[in-house]
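Here the structure is a predicted model, which means the values were calculated and not measured.
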Amino acid sequence: MRGNNRFCVFLNIVDMHVYSENNGARAGETLMRNMRSLVKTFFPDAQLSCENGGSFCLITRDEAVEEKIGKVAKGVRLLGGITPVLIKAGIYEVPPDADPPISELLAYAQTAESFIHDEDGVLFRYYDDTLRRMLANREYVRKHLSAAIEGGEIKVFYQPIIRTLSGRIVGFEALTRWEDPILGFLSPKEFISAIEESRQINILDSFMIKQICKDLREGIDAGIPIRSVSFNLSRLDFHLSDVFAFVENAVKEYRIDRSYLNIEITEKILSESEQIRMQIRRFTDAGYKVWMDDFGRGYASLNTLKEYDFDKLKIDMNSAAFGSERSKEIITATVVATKRMGIRTLAEGVETEEQLDFLRSIGCEEVQGYYFSKPLPIGEIEATLNPKGIVMEETEDAALFDEAGREDISDDRARAILLFCGERFEPLLINRSCELLCAEVLGTDKSLSDVMNDPSSAFFRLICDRMNACAVRGKEDCFVLHGPNRAFVLRLKIIASNADKTILKIEAEKADLVEMIS
Ligand code: C2E
Ligand code: MG
Ligand code: MG
């Protein structure tokens, strides 16, 4: 109940040290000075109790505390110039009849601030009952972790990873779940950071690794064409245990080929000590694949990718504020640059068909997200995915599609990618400009896929002949095709093939006859 209560407010400049590193110590001091005067302007009656490397703590009776924090935030944002400076605030409303020491008030406000995580746009948080409950839960999970593992309350869920070109499952990400008899279902958000803080994360991850290997062995024995499972490692796993040795032992115990396992690490690990970098190299040297997780969420640049033997980059669609032209441009540039480095791309957090179509059209090789499926218990994978037509990719097709995935298809040329399986072409990707152009080339209302599925059509036969010639000559083919009203240049390229399948790329453009003659 608000009356004339006191509020303890902890205001913190986000990544103050980064600001000082980038702009120099003097600029940092100026920023602090300006922030102090903003605080004094908007909280004229407040008691400024302390100030420390990018943070301020004040006690105020101003009931418009949230609004005032907003004003300080707006002012600070402008102070940063081209790199806007962000602040976050923790608030503790002191109960009317209480008079705890300032250090205690500060601790509450500071705790509230520290629980504003990646939630974009969140400016302040109260130390309230929700947070109190959360802190109690954190305490609870720390105490009960080992018992929960032993009691089977911690489970491995699997989320499928789908190849954009084939629409088939190429692997899974293993994600931890906790079903507690008292607290109910806990998501990793509610317990991972708690057990990281208490330095117990290696207990959880060791369990996960063993369980994944056990599940893989059962799947292999049951003849399921499982390909690979990726799992998350925390930077603390490297500090707290010999995680490499642990993975090796699990792999030996369950007779799993190392190629089945991918390790997901976030960019935060890379700023760690040389010792951690060496441990990551042990994984890659031994034949495990290492993926960079959550790209786009932090400050990682593509340059860091080159220094390590990353096999795949996971682009976080949640942090891309997908939809704007700018975000699409950034994702496209990331996919193209990553591909050039020989690293593959996977977009995670894909929720809509629009996102999927876009990612496929720019050549992002794999996707993962609620659009296809939530993470599932192992026993529910088949029953959930099969009715939706989401099935595992055949093992022998993997190399073929992997090779096709290397092709840069990011520009908006009229383009079709087709899978030839002996007697028919299956469209893997036909972009809109290609459909439009083909209608003109062929002078028909039929879609390109219909035409390519009709062995009696002249176009089908022409493409087959040209493709066979390409296969023999091992080159691209380029020829002019005369449509009913004008001529077109068609370019064919076999982008990948195996014993019985060929992936063919066709690009088409209107031919400028005058230019061709001269
Ligand atoms: P992550 O590795 O980036 O995992 C992807 C997260 O995105 C998962 O959250 C997944 O459930 C969620 N997700 C999947 N599809 C979508 C979608 O379409 N939209 C949205 N909004 N989210 C989607 P989850 O399972 O809650 O895990 C959160 C994070 O906790 C993981 O992020 C990972 O960093 C960590 N984590 C999970 N399991 C483990 C584990 O066994 N060990 C360690 N060390 N960390 C883990
Ligand atoms: Mg992950
Ligand atoms: Mg991620």
Side-chain angles (χ1 to χ4, degrees), residues 158-175 209 212 216 226-235 247 257-270 277 280-298 300-320 330-350 355-356 359-360 362-369 372 375 392-393 395 397-410 496:
Y158 293 93
Q159 186 175 34
I161 296 171
I162 315 282
R163 196 190 291 278
T164 49
L165 270 186
S166 66
R168 302 236 156 140
I169 304 171
V170 289
F172 293 89
E173 176 172 11
L175 294 154
I209 291 161
I212 292 163
L216 273 170
I226 299 174
R227 293 272 289 290
S228 73
V229 172
S230 67
F231 58 91
N232 298 277
L233 285 185
S234 146
R235 51 180 271 280
V247 174
D257 193 281
R258 290 167 178 147
S259 62
Y260 280 96
L261 294 176
N262 311 307
I263 289 132
E264 295 194 14
I265 54 170
T266 59
E267 108 243 2
K268 272 186 238 147
I269 283 191
L270 305 180
R277 292 167 185 237
I280 295 166
R281 288 214 179 90
R282 277 169 85 195
F283 277 109
T284 47
D285 290 348
Y288 298 96
K289 294 201 178 75
V290 179
W291 296 1
M292 187 193 262
D293 201 358
D294 296 344
F295 188 80
R297 230 185 249 183
S301 79
L302 288 174
N303 274 338
T304 14
L305 291 177
K306 273 196 258 173
E307 292 171 38
Y308 297 85
D309 236 347
F310 281 112
D311 171 69
K312 207 170 279 174
L313 180 74
K314 292 190 84 168
I315 302 169
D316 184 2
M317 293 299 281
N318 294 318
S319 61
I330 293 172
I331 295 170
T332 308
T334 306
V335 168
V336 172
T338 310
K339 223 174 248 224
R340 281 200 194 126
M341 286 188 249
I343 297 169
R344 293 179 292 162
T345 45
L346 187 164
E348 59 177 336
V350 175
Q355 290 178 332
L356 172 66
L359 290 160
R360 191 196 288 118
I362 60 164
C364 177
E365 288 130 289
E366 292 166 10
V367 283
Q368 175 187 346
F372 294 98
M392 300 286 297
E393 181 178 275
T395 313
D397 287 346
L400 178 83
F401 279 102
D402 278 352
E403 205 180 319
R406 291 199 192 101
E407 195 74 10
D408 179 356
I409 53 165
S410 60

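- Side-chain contact between Val350 and Ile162 is absent, with no heavy atoms from C-beta onward closer than 4.5 Å.
- Minimum interatomic distance between Cys364 and Ala347 (heavy atoms only, all atoms of both residues): SG-N, 3.7 Å.
- Remark: the backbone N or O of Gly405 is paired with a side-chain donor or acceptor of Lys339 at under 3.5 angstrom.
- Salt-bridge annotation for Asp294 and Lys314: absent, with no side-chain N of the basic residue lying under 4.0 Å from a carboxylate O of the acidic one.
- Neither side chain, Glu173 nor Asn262, offers a donor N or O lying under 3.5 Å from an acceptor on the other.
- For the pair Arg227 and Ala398, the tightest heavy-atom approach, listed with the atom from each and the gap, is NH2-CB, 3.1 Å.
- Separating the CG atom in Asp397 from the CG atom in Leu165 is a distance of 12.0 Å, to the nearest 0.5 Å.
- Between Ser410 and Thr332, the shortest heavy-atom distance links the atoms CB-CG2, 3.9 Å.
- Across every non-hydrogen atom of Ser259 and Ser228, the tightest pair is O-CB, 4.1 Å.
- A heavy-atom distance below 4.5 Å is found between the side chains of Asp402 and Arg344.
- Note: Phe231 CZ to Tyr158 OH = 11.0 Å, rounded to the nearest 0.5 Å.
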Quiz item: Given Ile280 and Ile263, is the side-chain contact (heavy atoms from CB on, under 4.5 Å) satisfied, shown in steps?
Solution: CA-CA 9 Å; Ile280 295 166; Ile263 289 132; over 6 Å; no
Practice problem: Take Phe372 and Leu356 through the side-chain contact (heavy atoms from CB on, under 4.5 Å) test and state the conclusion after the steps. | Solution: CA-CA 10 Å; Phe372 294 98; Leu356 172 66; 3.7 Å; yes
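- In this structure, Leu346 and Trp291 approach most closely via the heavy-atom pair CD1-CZ3, 3.8 Å.
- Here the NZ-CE distance, from Lys312 to Met292, works out to 15.0 Å after rounding to the nearest 0.5 Å.
- One distance of note links CD1 of Ile265 with CZ of Phe310; it measures 4.0 Å at 0.5 Å rounding.
- The nearest pair of heavy atoms linking Asn232 to Leu175 is ND2-CD2, 3.7 Å.
- The closest side-chain donor-acceptor pair between Thr345 and Glu365 falls under 3.5 angstrom.
- The closest side-chain heavy-atom distance from Ile331 to Leu359 is below 4.5 Å.
- To the nearest 0.5 Å, the span separating CG on Asp311 from OG on Ser230 amounts to 11.0 Å.
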Practice problem: Show the numbers, then the answer: is there a side-chain contact (heavy atoms from CB on, under 4.5 Å) between Asp408 and Val336? | Solution: CA-CA 7 Å; Asp408 179 356; Val336 172; 3.7 Å; yes
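- Side-chain atoms of Thr338 and Phe295, non-hydrogen and from C-beta on, never get closer than 4.5 Å to each other.
- One N or O on the side chain of Arg360 and one on the backbone of Thr164 form a donor-acceptor pair closer than 3.5 Å.
- Note: Leu233 CG to Asp293 CG = 10.5 Å, rounded to the nearest 0.5 Å.
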